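Here's the structure, in structure tokens; my notes come after.
Computed from a prediction, not measured in an experiment: that's the story for all the values here. Every number for a ligand or one of its atoms is a count from 1 in the order of the listing.
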Amino acid sequence: MKRIYLDHAATTPARPEAVAAMLPLLTEGGYNPSSIHAEGRAARAALDDARALVARNLGVQPRAVIFTGGGSESIALALFGAARAAAPGRRHAVTSVVEHHAVLHAMEQLEDDGWTVTRLPVGASGTVDPAAFAAALRPDTALASIMLANNELGSISPIAELAALTKRAGAVFHTDAVQGPALLDVDATALGVDLLSISGHKFYGPKGVGALVVRGGVPLVPLIVGGGQENGLRAGTENVAGIAGLAVALDLARAERAALRARLGELRDRLENGIRAAVPGALINAAGAPRLANLCSVAFADLDASALLIRLDLEGISASAGSACAAGSLEPSHVVAALGVPEPYRTGVIRFSLGRASTSGEIERVLAALPQIVAEVRGTAAVV
Ligand code: PLP
């Protein structure tokens, strides 16, 4: 039977249009955009076109788009780059406890360098409260980083409000928008952010390529130096094919997202209502928060999420426990811990994330299989 992939928050397969845009730039058009000859100029034109398309989609000027080797690198450039460029008297940063490890571990490194970091808690919504955020800003705050949409819960924080507060405090605001573009309009100007990170493989583009939006000339010190590419902020011969694939995928995501959001929202609601009905006591995390339409984080009491995932996998259903990087460990993820999920539920959190290929038939198959699998994993299934 056909497998059911419900792990689109971990990654999405590259769509055919993105692959079609990439192929000629890997083969007959695979040249160095910095070369003066005709082949190089053609590669430069492809790069310029991709940058213009990405910029249009994110509401900024082309020169504000810096291509990177993925989401984590974009985040590293934003945080370390802004930290290194900060005024000497400002060595305080604000973030939240539910950020991706790319942000959290960067913040730890800043602490190792003598920075002070305030990590804001979140409530059951999984989002950052603007009043608590405002209270955390200090005269020496240089930098704040809050994610647009959480990768484990789908919860969406009020980024425009947080960015405005940060601006008033004279600090730089970064948002990890990696989970955004597949389903949300991501306009860096409308959001008022200084720095914004995206990653191609979360919206049906290629892996290993991302971008950092740098608005309004925010000063950054580059992490990778060499040839001066990307406006001097990210040296290295550009991944022109990957960048072109990312640009096409982003443009198509924008064109399709309203319809996709509506369709996946209905499927997700069906999944959640079905789980609540079929597995009494199951909790939907962050259910009351503004959330990504494709994501369902569900907590089951008294079971081990990895055993459940293995049984689902045998049934042909791919889901994940919290974030992909936390999978395989029995520890509740930092996001689950931060939410205050009740004790018997903490090790039983799994995430279903739907995508373009998801169908109602797939959701019905999951709902048909789940009650028996949960009972088996809990060791309470009737022997027949
Ligand atoms: N931020 C969030 C919210 C993510 O979900 C991910 C992907 O797992 C990343 C950052 C890292 O992106 P990448 O895998 O492109 O480095």
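- Between H174 and the options I75, V214, V193, a side chain to side chain contact (heavy atoms under 4.5 Å, CB included) holds for only I75.
- Among residues at least two apart or in separate chains, salt bridge (Lys or Arg N to Asp or Glu O under 4.0 Å) pairs with a member in residues 101-122 are E111-R119.
- Residue S199 touches ligand 1 through its side chain alone, judged by heavy-atom distances below 4.0 Å.
- The proximity of V103 to ligand 1, defined as any non-hydrogen pair under 4.0 Å, does not occur for either the backbone or the side chain.
- Heavy-atom proximity to M147, at under 4.0 Å, picks out these atoms of ligand 1: 3 (C).
- Applying the 4.0 Å criterion to heavy atoms of Q179 picks out, from ligand 1, the atoms 3 (C), 5 (O).
- Residue contacts with ligand 1: E73 is placed with no nitrogen or oxygen under 3.5 Å of a nitrogen or oxygen of the ligand (distance criterion only).
- For the pair R356 and Y204, the cation sits on the ring face: its NZ or CZ lies under 6.0 Å from the ring centre, inside 45° of the axis.
- Atom NZ of K167 has 12 or fewer neighbouring heavy atoms from other residues, nucleotides or ligands inside a 6.0 Å radius.
- Using a 4.5 Å cut-off on side-chain heavy atoms (C-beta onward), F173 and V218 make no contact.
- Each of the atoms 5 (O), 6 (C), 7 (C), 8 (O) of ligand 1 lies under 4.0 Å from some heavy atom of K202.
- Under the 4.5 Å side-chain heavy-atom criterion for Ile, Leu, Val, Met, Phe, Trp and Tyr, V298 and L370 are members of the same hydrophobic cluster.
- By the 4.0 Å heavy-atom criterion, T11 is excluded from the residues contacting ligand 1.
- Taking the side chain as every heavy atom from C-beta outward, I284 and R291 approach each other to under 4.5 Å.
- The residue from E152, E99, H201 that puts a heavy atom closest to atom 14 (O) of ligand 1 is H201.
- Looking at G71 next to ligand 1, an N or O pair under 3.5 Å apart turns up.
- Here is the list of ligand 1 atoms found below 4.0 Å of a heavy atom in D176: 1 (N), 2 (C), 3 (C), 10 (C).
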